[in-house]
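All values below were derived from every heavy atom in this structure, side-chain atoms included, with hydrogens, water molecules and symmetry-related copies excluded.
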Amino acid sequence: MQTFSGVGVAPGRVLAPVKQMPKPVQEPASQMHGTVTIPADVTVESQGQRIKDAAKAVQAELRARAATASGEGKEVLEATALMAADPMLVKSAIKLLSPDAPGGARTAERAIWEAGGTVAETLKNLGGYMAERVADVLDVRARIVSELRGLPAPGIPASDVPFILAAEDLAPADTATLDPSKVVALITSSGGPQSHTAILARALGLPAVVAALGVDEIADGTEVYVDGAAGSITAEPGEDLRLAAKAWATQASTLAAFSGTNTMADGFRVPLLANVGTGADAVKAADAGAEGVGLLRTEFCFLDRDDEPTVEEQIAAYSAVFAAFPGKKVVVRTLDAGADKPLPFLTNADEPNPALGVRGYRTDLTSPGVLERQLEAIAAAEAANSAEVWVMAPMISTADEAARFATLCAAAGLKTPGVMVEVPSAALTAATVLREVSFASLGTNDLTQYAMAADRQLGPLATLNDPWQPAVLQLVKLTADGAAQVSGECGTAKPVGVCGEAAADPALAVVLVGLGVATLSMSARALAAVAAVLATVTVAQARQLAATALAAPSAAAARSTVRAQLPILDELGL
C-alpha cells in the first residue's frame, strides 16, 4: 500500500483502476544533428502549406469539440482553438523551413516544434497569467505535430471500465471534454487549486487531487483510492478504504438533489446561486435547483472570434440565460478580457505583466465603447425577459472606478450596478467603494492570488494559493464589514456575495456565511453538498467557526480546525 498526498480540490471517495495519460508526443528529429534528410523535391512552400493545413485542422477539431461542450469546458476549448491558428506560431514555424534560417532548414514537424517552444518560453518569461498559457501552447504544438504525422491527437485514454485518470497535468482541451461516466476521478502530480484541471473537476463533479508528487508514475491498472476532500491517494488500499469508497457511493446519492431553497439550522436564509457561462449552462443550473445566477461569465460571447460581437448577437446570448431564470436574480459580469483571456480586438499581448495589466474593467480605458455596447445589450436582453438583472464589473480597484461604472450602467438603463472584489484595494476600502454601487461579489480565485502574490496555476505555490489563507479570509471580512457600514434598500447593509471557487467548498461556505457573506454562487454540481452542510449549523455557530479560521496561523490549520467541528462533512464524505 503506497500513499500520496496532494491538494484536494473536489470532494469524493472513489476506488478504481488507474490509467495514465499518454506520454507527450515525441520530439521530432533535428536535421541540424544529421538525423533527418529533407528530400530535394520538398519545397518551403509545400511544407509551409502543410503547417497551415495542420494548424487549421487542429483548430477545426477543437472548435468541433467546443460546439458539444458547455460552460468552462467550452470556454477553454474555444480559447485553445484560437491559439492553434495563432499567426505568431504559424509564421515563426514557416520561417524555420527556409535554408536561410539559422541552423538551416527544418522539416515541418521540427519547425512547428521549435516555434512552439519559442512561443512557450516567451510566455513563461512574461510570468503571471501569460505563463499560464504555456501548457496550452505546448498542447497545441503536440496536436499539430500529430496532425502532420497523420497520427491521432494526444488525449484521454480509452477504457471499457471506469477509471481514475492520472497525469503530470492535464491539457485544457483534454479536461474540457473528458467523459465523467468513464473518468471517475482525477489525480495529477502538478497543477494548483485553481488550475484548469481543478476548476473543471469541480464543474464535472469529479473527485480530484492535484500537486500530488509521484502519482504520474503509478502503473496502469493499479487499484487506487482517492479522497478528494482530504487530498490523499492510496495505491492498493486496504479493506477499510474499500468500505469507505462503497459508503461514499451510497451517501452521494443523498446529495443528488437540491431543494431550491437553502436554509440554515436556525431558519436563516442564504441563497445558493450558480456560476454559468452559456444559456445551456443556465438551463442545467435551473434544473439543479439554483436560486438564481451569481456569476454569468460573458466571455463566451467574445472568445473564438477576431472581432467584437454585435449588440444583437450579445442580446440573443444573454437572453438565453435570462430566460432560464424568470423572476430570479441573474448577476452578469461584464467582459473579463485580458491576462489569461486575451482577445485580438481588445487586449495587448505584449504587456510585460498581464495579470497586473489591462484586464476586466480596465480595457475600457484602452478600448472605449466595447463596455458601453455590452451594457446596452444586457439592458435590451433584460427588457425582453423577466429576470432580475444585476451587473458587475471585474477588476475594480477604486471608488472612482466604481462610480464611473455605475454611471455607465445608469446611462444604459441598468438599475443594479455592482463590483467584483478581486483586488485587495477594493476589499480594504469596501465601504467607500460600495457607496457608489448596489452590491459586491467576491471573486476569491483572483483575490487569493493577488493577496498572496501566488500564481494560481503553479503547483509549487498551491499551499499559498488557498482561499483558506487567514489573510484572504480577513479581506472577505473587511468587505462584509465595509458593506455593513453602507445602507442599501430599506436601510439594510449592501449585499456581498461570493462567486469564486471558495463558495463550492462546503466547510468554507460555512465560514464565509460567518464572515457576513449574504449569498454563495458555485458550480451547479456543488449546490446540494453546500446546502446539506449549511443546514446543520446556525448563524451563531458559523460566526464562531469564522472567528476560529481567522485566528488560525495557516490555511491548513484553519481548514482542519473548522472541519473537525463539522462532523457532517465526514458523514457525507465531503
Side-chain angles (χ1 to χ4, degrees), residues 21-33 35-36 38 44 47-66 76-98 101-103 105-127 129-157 167-177 188 190-191 195-197 216 304 340-342 344 349 457:
M21 193 73 179
K23 295 303 181 186
V25 172
Q26 187 176 1
E27 179 178 351
S30 168
Q31 192 231 6
M32 291 184 290
H33 297 151
T35 54
V36 66
I38 301 176
V44 171
Q47 292 290 79
Q49 191 59 50
R50 285 186 67 216
I51 290 174
K52 291 178 182 177
D53 291 345
K56 287 179 180 176
V58 169
Q59 183 179 51
E61 192 265 341
L62 290 169
R63 281 179 169 167
R65 292 169 65 184
V76 167
L77 285 167
E78 287 174 339
T80 309
L82 274 178
M83 192 168 289
D86 184 348
M88 180 170 64
L89 175 63
V90 173
K91 288 179 181 178
S92 297
I94 291 174
K95 285 181 180 179
L96 294 176
L97 298 171
S98 170
R106 278 82 159 172
T107 62
E109 291 88 339
R110 183 68 195 182
I112 198 71
W113 186 270
E114 290 187 19
T118 300
V119 171
E121 187 63 26
T122 300
L123 295 178
K124 180 180 178 181
N125 291 336
L126 288 174
Y129 276 107
M130 295 308 288
E132 295 173 12
R133 309 305 293 178
V134 168
D136 301 25
V137 173
L138 298 181
D139 176 43
V140 163
R141 175 179 76 171
R143 291 174 185 278
I144 294 175
V145 169
S146 294
E147 180 69 25
L148 288 167
R149 290 172 170 171
L151 299 173
I156 306 294
E168 178 182 348
D169 203 358
L170 296 174
D174 291 323
T175 56
T177 56
T188 65
S190 186
S195 64
H196 286 302
T197 300
D216 54 329
D304 198 22
D340 62 333
K341 295 183 283 283
Q457 297 289 337

Nearest 0.5 Å, please: how far is [atom2] in [Y] from [atom1] in [X]?
X	Y	atom1	atom2	value
Asp169	Leu138	CG	CG	11.5 Å
Trp113	Leu148	CH2	CG	12.0 Å
Asp139	Thr80	CG	OG1	6.5 Å
Arg50	Leu97	CZ	CG	9.5 Å
Arg149	Gln26	CZ	CD	6.5 Å

Of all heavy-atom pairs between [X] and [Y], which one has the smallest distance, and what is that distance?
X	Y	result
Met21	Ile156	CE-N, 3.8 Å
Val44	Ser98	CG2-CA, 4.0 Å
Ala84	Leu62	CB-CD1, 4.3 Å
Ile51	Ala93	CD1-CB, 4.0 Å
Ile144	Ala54	CG2-CB, 4.0 Å

*Main-chain N/O of Val145 paired with Glu109 side-chain donor or acceptor, under 3.5 Å*: no

*Using the side chain to side chain contact (heavy atoms under 4.5 Å, CB included) rule, take Thr188 and Asp216 through it: C-alpha gap first, then chi angles, then the decisive distance, then the call.*
CA-CA 7 Å; Thr188 65; Asp216 54 329; over 6 Å; no

*asked:* Pair Ile112, Arg106 - check side chain to side chain contact (heavy atoms under 4.5 Å, CB included), show working.
replied: CA-CA 9 Å; Ile112 198 71; Arg106 278 82 159 172; over 6 Å; no

_Salt-bridge present (Arg110, Glu114; N to O < 4.0 Å)_ = yes

*May I ask you to decide whether Arg141 forms a salt bridge with Glu27, counting only side-chain N to carboxylate O separations under 4.0 Å?*
no

*Check step by step if side chain to side chain contact (heavy atoms under 4.5 Å, CB included) holds for Glu61 and Glu147.*
CA-CA 11 Å; Glu61 192 265 341; Glu147 180 69 25; over 6 Å; no

_side chain to side chain contact (heavy atoms under 4.5 Å, CB included) partners of Val119, counting only residues at least two apart_ = Met88, Leu89, Leu123, Val137

*Taking only residues two or more places apart in sequence, or in another chain, which ones meet Glu121 in a side-chain hydrogen bond (donor to acceptor under 3.5 Å, both in side chains)?*
none

*Under 4.5 Å between any side-chain heavy atoms of Arg63 and Gln59, yes or no?*
yes

